[in-house]
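Single-structure report; data block below.
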Protein chains: 2
Amino acid sequence: MLRGALAALLSIEHDIEVLGSFADGEQAFQAVGKRRPEILVADIEMPKMSGLELTARVRELYPETRVLILTTFARPGYLRRALEAGASGYLLKDRPSEELADAVRRVSRGERVVDPQLASQIWSAEKDPLTDRERVILRRAGDGETTAELARSLRLSEGTVRNYLSEAISKLHASNRIEAARIARNKGWL
Amino acid sequence: MLRGALAALLSIEHDIEVLGSFADGEQAFQAVGKRRPEILVADIEMPKMSGLELTARVRELYPETRVLILTTFARPGYLRRALEAGASGYLLKDRPSEELADAVRRVSRGERVVDPQLASQIWSAEKDPLTDRERVILRRAGDGETTAELARSLRLSEGTVRNYLSEAISKLHASNRIEAARIARNKGWL
DNA sequence: GTATCACCATGACAACTGTCATGCGATCGA
DNA sequence: TCGATCGCATGACAGTTGTCATGGTGATAC
């Protein structure tokens, strides 16, 4: 429904024509090959082929098509990878709806459109402080697995599991495993 | 942006007029009081006031306005609570975009519009076994609040708080507060 | 008017959780 | 090749969490 609604939003503009809309990255890629649009508007997290891979493949095979990423995720890591893949724009879904048509026009003129707040964050973004072990254990603990279950399935002592959690809790300035998991998830680290 | 796009989608239809669109439940409630629309389309999880509370208050004060819930969550618990609050329809965002205008028209005719798959689940769905106290405490504990914090802010002894959690854990067949909160959230009980 | 039920409330106790001191091996720059 | 650093691993200990037995209150049913 949301995809259909966004298509409707763009169709209203007289200088924009919507050639089609597709449920996953693979279908979109096929369609770009057939229709050769000026602009492709794509999400990042999609079934079958991610928006990042889609961008890279479209830019390589059909360089006349410019790609505008439209996504919910305000993650500097995604922005960086999108630009590296050759995207011309990165717009967040929580911006007012007027900005979409505007961004499409600017990308069509050859401009690069990047959410300003995100662009500034890309330099100052905190890096994930968790080690692999800590991340895995925190994720599973955050889903309700007990210390004992974790210790058994990872072949660690319970003390060790608790210690990783303790580390994670302190790195994230949380007061227990629950809060730590919530914080890490919010930052996109789990 | 998605709200704007959905508004655009409805505006295209000649027999539907969009009177406004609002960022949270409180603003929507104010606007309903002023504009008295035939139909209010609302999400459930919104800032400031949930769609369920919004529905109940709108139905009570302005019964001529019918409410259509439009949400991502295919949870029988939400559906049941929406209908109890007086909603005339419950539509999922992953349906094709054509269904929205259709649902609005049917609600306006006085029909009740409910996603069929979800409607069948509602009968087999378990009822929320939690008491009010249990629900509030489980929700906050699931966000990482400690027993001590809860006891202080609710003026209960720590033992009492732990007891509510213990009750909730056992009712939900969970093994700790984290899992209990996750289960309850999934069922739409928090 | 009293039996029953659901909800609210508490403390004692055992079990679990978070912290800290400690140690091991791998890697890396000096 | 040495010392420093990092990630992984452990157990002891204090503090927190979950369970259980118990009792209070008000609403409804008989």
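Each chain gets a letter, A, B and so on, in the order its sequence line appears, and its residues count up from 1. If you're wondering where the values come from, they're calculated on a predicted model, not measured in any experiment.
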Whole-Å distance separating the [atom1] atom of [X] from the [atom2] atom of [N]:
{"X": "A:Leu165", "N": "D:dT16", "atom1": "CG", "atom2": "P", "value": "17 Å"}
{"X": "B:Leu150", "N": "C:dA9", "atom1": "CG", "atom2": "P", "value": "13 Å"}
{"X": "B:Glu158", "N": "C:dC16", "atom1": "CD", "atom2": "P", "value": "20 Å"}
{"X": "A:Tyr164", "N": "D:dG7", "atom1": "OH", "atom2": "C1'", "value": "7 Å"}
{"X": "B:Leu138", "N": "C:dC8", "atom1": "CG", "atom2": "C1'", "value": "17 Å"}
{"X": "B:Lys171", "N": "D:dT19", "atom1": "NZ", "atom2": "C1'", "value": "15 Å"}
{"X": "B:Arg155", "N": "C:dT10", "atom1": "CZ", "atom2": "C1'", "value": "18 Å"}
{"X": "A:Glu167", "N": "D:dC8", "atom1": "CD", "atom2": "P", "value": "11 Å"}

Indicate, with a heavy-atom threshold strictly under 4.0 Å, whether [X] touches base, sugar-phosphate, or nothing.
{"X": "B:Asn176", "answer": "sugar-phosphate"}
{"X": "B:Thr147", "answer": "sugar-phosphate"}
{"X": "B:Thr160", "answer": "base"}
{"X": "B:Ser166", "answer": "base"}
{"X": "B:Arg162", "answer": "base"}

Closest to the 5' end of DNA chain C, once B:Glu134 and A:Thr146 are matched to their nearest nucleotides, is B:Glu134
Counting only side-chain nitrogens and oxygens, does B:Ser157 get under 4.0 Å of the OP1 or OP2 atom of C:dT10?
yes
Quick one: is C:dC8 close enough that its OP1 or OP2 comes under 4.0 Å of any side-chain N or O from B:Thr131?
yes
In Å and rounded to the nearest 0.5 Å, what is the OH to OG1 distance from B:Tyr90 to B:Thr55?
10.5 Å
Start with the C-alpha distance between B:Arg112 and B:Ser88, add both sets of side-chain angles, then the distance that settles side-chain hydrogen bond (donor to acceptor under 3.5 Å, both in side chains), and finish with yes or no.
CA-CA 5 Å; B:Arg112 167 157 291 186; B:Ser88 299; 5.6 Å; no
With a 4.5 Å heavy-atom cut-off, do A:Leu10 and A:Leu100 have their side chains touching?
yes
Centre of B:Phe29's six-membered ring, under 6.0 Å away, within 45 degrees of the axis: is that where NZ or CZ of B:Arg57 sits?
yes
Row check, B:Tyr78 ring normal vs B:Arg81 NZ/CZ: under 6.0 Å, within 45°
no
For the CD atom on B:Glu64, are there more than 12 heavy atoms of other groups (residues, nucleotides or ligands in this structure) within a distance under 6.0 Å?
yes
Should we say atom CZ of B:Arg155 is surrounded by more than 12 heavy atoms from elsewhere, each under 6.0 Å from it?
no
Please report how far the helix from C:dG1-D:dC30 to C:dA30-D:dT1 bends, comparing the axis fitted to its first five pairs with the axis fitted to its last five, to the nearest 10 degrees.
30°
Check ion pair A:Asp43-A:Lys93 (N to O, under 4.0 angstrom):
yes
Do the side chain of B:Asn163 and the base of D:dC20 come within less than 3.5 angstrom through a donor-acceptor pair of N or O atoms?
yes
Quick one: which of C:dC8, C:dT17, C:dT10 gets closest to the side chain of A:Arg177?
C:dT17
